[in-house]
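Here is the structure we will look at, set down as structure tokens.
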Amino acid sequence: MEEKVRTRFAPSPTGFMHIGNLRTCLYAYLFAKQHGGDFVLRIEDTDRERYVEGAIDVIYRTLKTAGIEHDEGPDKDKGYGPYVQSERKAIYMEYAKKLVELGGAYYCFCSKERLASLGGDNEAGVHKYDKHCLSLSKEEVEAKLAAGEPFVIRQNVPTEGVSEYDDLVFGHISVPNADMEDNILIKSDGMPTYNFANVVDDHLMKINYVIRGVEYLSSTPKYNLMYDAFGWERPHYMHLSPIMKDAQRKLSKRYGDANFEDFLAKGYLPEAIVNYIALLGWSPKNNDEKMTMQDLIDQFSVDGISKSPSIFDETKMRWLNGRYIKELTPAQFVEKARPFLDASAINGKYDYEKIAKLLIPRVETFGEIAEKVEPLASFGEYDPAMFEHKKMKITLPIALTSLTACREVLPSIEDWTDETLKARLNDLAAELGVKTGQVFLPLRLAITGAATTPGGATEMAELFGKEESLKRLDFSIDLLKKALAE
RNA sequence: GGCUCCAUGGUCAAGCGGUCAAGACAUCGCCCUUUCACGGCGGUAACCCGGGUUCGAUUCCCGGUGGAGUCACCA
């Protein structure tokens, strides 16, 4: 019988949640859900020096808005807790001692100084621990322990042979044992290192599919050695290539350029971000790129995961975000973009839903709202030369004729909407015997005073309302007359 | 530097011995058009190099080159 799939996301609370981390989390979630399994959240805070206050809240918040729901975690204990490593200290020590008894680890009392003297013995200046304390007899160890000497516990890695395993995405991996160091499992402060904690926790929490970054690809044999020493069943592994900022640099929080919440602040929709990062390093069988979380769960597959690093392309994410925005109704747009609308120059002015209708096909992120809406915020003196339009064959006199005709016709219109206005203006163009553009273009310019606007003449007119539109029209006709008189 | 891994257009990527080497983003051109957009149509653009294996290599093997990861009392 197949074992229930259990995956986990195990971030360390060191600050913000960056995109690479989120993608790892997403894949672990997708894999678990696809197989009807459990997705566990575990907090790896064994390094108290890197701990950042509030970081755990960021993790919860990110998961929630990204639409990733964990089945278990510090806030949902299903019997495998605690799910925060700092609260499991005693557990690690217990298992470390067990591993020592089993011969898979040993106590080490070497001083920092002695360790430092081991360094620099090759070109890269890399040193390897010499297993000095492995030769200590049981009595010597007991004596040192009794004397209260500070100690660490190291893994005892064989010096010969090769360790191998099969990775779900990278295939067969084999590493010479001689290249692996006797890493520290328990630090002198009694806390475990990642090397040890992840093995113990994954086993105790019954994690059978370990999904994480490639940085662990070559150290995984060491973890397997521990599973073997304990007599535990090894989990399946799925390592993921990094997301890069460019060909050389990895995307990281160090550059402060890839935090999930930063993208939210720039006006990206969480669904779009999740959709985009799912596609970075994985591709579906078909060519549909816009996918919901459910689509992702259904279609996720290990063989679609790529082995090489992928460069993060914000331009493409913008495009995808634009597609999501285009599917929003004006009401939904307003709901989601309200903070951006309020922060723009039109704050509170005009009907937001009407603005939304104009903005939906014109912005790819909410962050672009401010600039799009800027020309609508004010009206005043402008250069009448703007009315000249070669391609449309519009000169200042022609513009004046059109505007004057508009001024006569418009006041009688009761239903001041885009559709009605458009119909009437089309008729007007026919009556005047001119191209429609020769009426619409001058009118748009006349009531907006701006060369480019997010919408046409009649849309702008509807937005401003009848009274304001006519007022502006009068202003522009005067401006044009003055210009022609000179 | 040792070890592990990777290598298709500018970017994300299909491909898994025989294809005119998909698709998407970006870019360019045209159409639509009342500006800006949306939309539609079309174009430019790729198998890192050198050896093998094979009737035939982007695909398999080896070497080179390039890139990533790792070599911590960080994860």
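Scope of the values below: all heavy atoms of this structure, side chains included, with no hydrogens, waters or symmetry mates. Each chain gets a letter, A, B and so on, in the order the sequences are listed, and its residues count up from 1.
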The side chain of [X] lies closest to which of these nucleotides: [options]?
X: A:Lys391; options: B:C5, B:C38, B:U33; answer: B:U33
X: A:Asn195; options: B:C38, B:A75, B:C5; answer: B:A75
X: A:Thr193; options: B:U34, B:U11, B:A75; answer: B:A75
X: A:Lys372; options: B:U34, B:A13, B:C36; answer: B:C36
X: A:Thr458; options: B:C25, B:U34, B:G69; answer: B:U34

Does [N] have a Watson-Crick or wobble mate here (both distances under 3.5 Å), and if so which one?
N: B:C60; answer: B:G52
N: B:A72; answer: none
N: B:A21; answer: none
N: B:A37; answer: none
N: B:U27; answer: B:G43

For a quick check of understanding: with a heavy-atom distance under 4.0 Å over all strands, which category does [X] fall into, base, sugar-phosphate or nothing?
X: A:Lys222; answer: nothing
X: A:Ser219; answer: nothing
X: A:Ile184; answer: base
X: A:Gly190; answer: nothing
X: A:Asn287; answer: base
X: A:Gly456; answer: base

* Asked: How would you label the glycosidic angle of B:C38: syn (within 90° of 0) or anti?
  ->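 B:C38: syn glycosidic orientation.
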* With a 3.5 Å cut-off and just heavy-atom distances, do the side chain of A:Lys316 and the base of B:A24 make a donor-acceptor pair? ->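 Pair found.
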* Does A:Ser188 get its side chain close enough to the base of B:C73, under 3.5 Å, for a donor-acceptor pair? ->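 Result: at least one qualifying N/O pair found.
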* **Aromatic ring of A:Trp319 stacked on base six-ring of B:C25, 5.5 Å, 30°** =>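 Taking the rule of under 5.5 Å and under 30°, the ring of A:Trp319 does not stack on B:C25.
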* To do: Measure the shortest side-chain to side-chain distance between A:Tyr60 and A:Ile56 over non-hydrogen atoms and say whether it is less than 4.5 angstrom.
  =>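 Side-chain contact under 4.5 Å: yes.
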Using whole Å, what does the distance between atom [atom2] of nucleotide [N] and atom [atom1] of [X] come to?
X: A:Asp179; N: B:G1; atom1: CG; atom2: P; answer: 15 Å
X: A:Met244; N: B:G69; atom1: CE; atom2: P; answer: 6 Å
X: A:Gln438; N: B:U34; atom1: CD; atom2: P; answer: 11 Å
X: A:Lys307; N: B:G69; atom1: NZ; atom2: C1'; answer: 15 Å
X: A:Asp45; N: B:A75; atom1: CG; atom2: P; answer: 10 Å
X: A:Asp288; N: B:G23; atom1: CG; atom2: C1'; answer: 11 Å
X: A:Glu181; N: B:C71; atom1: CD; atom2: P; answer: 9 Å
X: A:Tyr107; N: B:C73; atom1: OH; atom2: P; answer: 19 Å

* Are A:His172 and A:Asp166 linked by a side-chain donor-acceptor pair shorter than 3.5 Å? ->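 Their side chains do contain a donor-acceptor pair, which is all the 3.5 Å distance test asks for.
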* Asked: Judged by modelled atom types alone, do A:Ser163 and A:Asn177 share a side-chain donor-acceptor pair under 3.5 Å?
  ->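 A pair is found: one side chain offers a donor N or O, the other an acceptor, under 3.5 Å apart.
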[atom1] spacing across the pair [N] / [M], given as an integer number of angstrom:
N: B:C16; M: B:C60; atom1: P; value: 11 Å
N: B:U59; M: B:G10; atom1: C1'; value: 24 Å
N: B:U53; M: B:A57; atom1: P; value: 11 Å
N: B:A75; M: B:U70; atom1: C1'; value: 13 Å
N: B:G23; M: B:G43; atom1: P; value: 10 Å
N: B:C47; M: B:A22; atom1: P; value: 13 Å

* Does A:Tyr216 have its ring centroid less than 6.0 Å away from the ring centroid of A:Tyr237? ->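 Here the rings of A:Tyr237 and A:Tyr216 have centres that are no less than 6.0 Å from each other.
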* Let me know which of A:Tyr227, A:Tyr165, A:Tyr209 forms a ring pair (Phe, Tyr, Trp, His ring centres under 6.0 Å) with A:His236. =>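 It is A:Tyr209, the one option of A:Tyr227, A:Tyr165, A:Tyr209 that forms the ring pair (Phe, Tyr, Trp, His ring centres under 6.0 Å) with A:His236.
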* Asked: Can you check whether A:Asp418's main-chain N or O pairs, donor with acceptor, with A:Glu462's side chain at less than 3.5 Å?
  ->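 Yes: the side chain of A:Glu462 pairs with the backbone of A:Asp418.
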Solution key, residues 421-434 of chain A side-chain donor-acceptor pairs under 3.5 Å, sequence neighbours excluded:
{"unit_1": "A:Arg424", "atom_1": "NH1", "unit_2": "A:Glu431", "atom_2": "OE2", "d": "3.4"}
{"unit_1": "A:Asn426", "atom_1": "ND2", "unit_2": "A:Lys422", "atom_2": "O", "d": "3.2"}

* To do: Would you verify whether the NZ or CZ of A:Arg154 falls within 45 degrees of the ring axis of A:Tyr107 while also being under 6.0 Å from that six-membered ring's centre?
  =>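 Cation-pi check for A:Arg154 and A:Tyr107: fails.
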